[in-house]
2 protein chains.
Amino acid sequence: MSNPLVRKLESYVPLSEADRLCLIDVVGPGRMVAARTDIIHEGDDPRAVSVILDGWACRYRQFINGRRQIVSFLLPGDPCDPHVFLLDEMDHTIGAITPVLLGQISGPALQAMTARSPQLDLAFHREALATAAVQREWTISLGSRTGIERLAHLFCELHARLAAVGLAEAETCPMPITQNDLGDAMGQTSVHINRTLQELRGMGLITLRSRRLTIHDPIALARLAHFDSAYLHMTEQPGRAVARRA
Amino acid sequence: MSNPLVRKLESYVPLSEADRLCLIDVVGPGRMVAARTDIIHEGDDPRAVSVILDGWACRYRQFINGRRQIVSFLLPGDPCDPHVFLLDEMDHTIGAITPVLLGQISGPALQAMTARSPQLDLAFHREALATAAVQREWTISLGSRTGIERLAHLFCELHARLAAVGLAEAETCPMPITQNDLGDAMGQTSVHINRTLQELRGMGLITLRSRRLTIHDPIALARLAHFDSAYLHMTEQPGRAVARRA
DNA sequence: CGGCTGGTTGATTGGTTTCAACAAGCGTGG
DNA sequence: CCACGCTTGTTGAAACCAATCAACCAGCCG
């Protein structure tokens with residue numbers, strides 16, 4: 001399997017063979033983090049950037065009353081910087097959903113790399129913009145979309161992002177999250193997620209079974225969700241252009 | 001009145017007199033944008049960054065069904081880049097709420113400035129982090145906070161951000177937005193905002209009248225909102241440290 | 001003064017939560 | 001091997017929060 005960070009950055013900007021090799025070299029083999037544990041690295045270089053190489057994680061905030069809000073999902077290829085520059089206390093946590101293979105790019109290495117390659121610099125820049133756009137889109141989902149639209153939009157987003165790193169086929173992708181996680185992400189109870197899922201199934205749009213999502217009608221799903229992949233800022237690739245302006 | 005961009009960046013990193021003068025020089029006098037119009041600049045340098053020098057604006061998405069979702073408010077001192085690098089179509093719009101005075105920093109000028117001053121570079125970097133944190137906090141608000149908590153949190157956020165640029169007094173600040181705007185931001189109807197406002201007033205926490213917000217009990221308001229100003233990443237300043245870990 | 005925008009109120013509807021119970025799948029230890 | 005406990009998914013009924021619809025009021029401006 002090719003390096004997901006390379007795949008992801010290439011979805012923004014074409015990279016040279018040298019760029020690819022440099023990236024792979026700098027990230028290293030990574031270390032494992034167990035599922036359902038927090039990804040924290042107290043003693044790490046605060047200017048380093050961690051990268052998900054395999055598995056799923058999420059950013060979340062835990063409230064005292066037990067409620068948990070997931071603010072984004074982190075997929076293979078995603079950089080995660082819970083504490084860049086260690087400004088002050090962390091305002092949120094990053095937790096592994098599945099077992100996660102975590103790479104790390106040291107601050108100096110990152111700086112040297114982007115100074116040498118304008119392509120890589122642009123790619124990292126666009127990655128940051130895309131991440132911000134995803135966060136805005138979540139705000140829009142939670143504020144303006146109905147329960148079923150929200151869930152449909154999340155599935156569209158995750159499928160598109162997984163496809164960008166080669167982890168999704170045309171109509172199916174892994175989905176290793178529980179209905180409880182979905183509820184914590186969508187600001188709803190797992191009970192209601194369950195009912196909404198049944199509605200989506202009943203409409204013949206998706207199947208979600210044994211940690212795998214199948215989208216039977218991508219266009220209808222995107223239309224229902226008001227999903228337009230433009231905000232992900234990925235360059236078009238064959239087989240992934242299905243759901244634009246649907 | 002001192003330049004709000006300078007004030008804002010100084011809330012992250014102390015700046016030298018040279019930094020300040022350079023910033024003011026580069027931003028220029030700015031141009032006016034009428035209230036209730038969109039801030040767009042088709043022909044502008046796509047690598048330039050616009051900055052709100054006076055007035056309020058907001059990022060929003062307009063849906064075909066008429067619904068509008070505001071995803072953030074832009075206050076004096078805030079950079080706004082609806083189209084950085086013009087990746088593809090814009091995924092959202094920036095609209096002026098009040099009349100807005102808009103400055104602009106050209107791409108080369110910005111690059112030269114941050115290359116020369118590590119302080120300025122760090123300040124812009126932290127500004128971006130803080131903006132991302134604000135966006136996450138909105139996701140949390142819309143997903144996990146009740147109507148009254150949401151509104152309370154927004155008031156805490158706006159007051160803190162205005163205070164950082166010297167536009168708020170201890171317990172009062174301008175609030176030039178309608179209940180309709182509040183509804184579009186909080187994912188609720190203006191009718192319900194109205195009722196929630198009455199509840200906040202009834203609890204003796206705030207007064208909102210003639211475009212001005214007065215917070216009678218900042219600590220109680222922050223506690224109600226689960227507001228902790230840490231996520232804004234501003235360095236502590238006397239008179240603004242009221243609502244941390246409340 | 002009329003017309004408009006922004007704010008307020010009441011009654012009804014509907015989407016979600018809550019509470020509670022139960023079924024299915026799975027790993028583990030007796 | 002099966003029993004057990006635990007997590008995850010599913011279902012039903014009642015309570016509740018917020019949307020909707022529809023008026024009406026106040027202030028402002030041309």
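Being a predicted model, the structure only gives us computed values, none of them experimental. Computed from heavy atoms alone, side chains included, the values below leave out hydrogens, waters and symmetry copies.
Counting atom types as modelled, B/Arg195 pairs a side-chain N or O with a base atom of C/dG10 as donor and acceptor under 3.5 Å.
Distance from the side chain of B/Gln179 is smallest for C/dG7 among the nucleotides D/dT10, D/dA19, C/dG7. In this structure, the nucleotide among D/dT11, C/dT9, D/dA19 sitting nearest to the side chain of B/Val191 is C/dT9. Taking only side-chain atoms of B/Thr189, from C-beta outward, the nucleotide of D/dT20, C/dG6, D/dT8 with the closest atom is D/dT20.
Taking for each of B/Leu197 and A/Ile193 the nucleotide of DNA chain C with the nearest heavy atom, the 5'-most of the two is the partner of B/Leu197.
Atom CG of A/Leu182 and atom P of D/dT10 are 11 Å apart (whole Å). We find that CD1 of B/Ile148 is positioned 16 Å from C1' of D/dC16, with the value rounded to whole Å. D/dT7 atom C1' lies 12 Å from atom CG of A/Asp181, rounded to whole Å. A straight line from CD of B/Gln188 to C1' of C/dT8 spans 17 Å, rounded to a whole angstrom. Between A/His192 atom NE2 and D/dC17 atom P the separation is 16 Å, expressed in whole Å. Rounded to an integer number of Å, the gap from B/Asn180 CG to C/dT5 C1' is 10 Å. The separation between A/Asn194 atom CG and C/dT18 atom P is 16 Å, rounded to whole Å. Atom CG of A/Asp184 and atom P of D/dG9 are 12 Å apart (whole Å).
As judged by a 4.0 angstrom heavy-atom cut-off over every strand, B/Gly183 is placed among residues making no nucleic acid contact. Contacts of A/Arg201 with the nucleic acid, taken as non-hydrogen atoms under 4.0 Å apart, involve only primed sugar atoms and P, OP1 or OP2. A/Arg211 comes within contact range of the sugar-phosphate backbone alone, with a heavy-atom separation under 4.0 Å but no base atom that close.
Scanning all heavy atoms of the two residues, the minimum distance from A/Gly77 to A/Lys8 falls at O-CD, 3.4 Å. The minimum heavy-atom distance linking A/Gly187 with A/Gln69 is given by the pair CA-OE1, 4.0 Å.
Using a cut-off of 4.0 Å between Lys/Arg side-chain N and Asp/Glu carboxylate O, A/Arg223 and A/Glu149 are scored as not salt-bridged.
Using modelled atom types, no side-chain atom of A/Arg59 and backbone atom of A/Leu74 make a donor-acceptor pair closer than 3.5 Å.
The environment of CZ in A/Arg36 is crowded: more than 12 heavy-atom neighbours from other residues, nucleotides or ligands sit within 6.0 Å.
Between B/Gln198 and C/dG7 there is no side-chain N or O to OP1 or OP2 distance below 4.0 Å.
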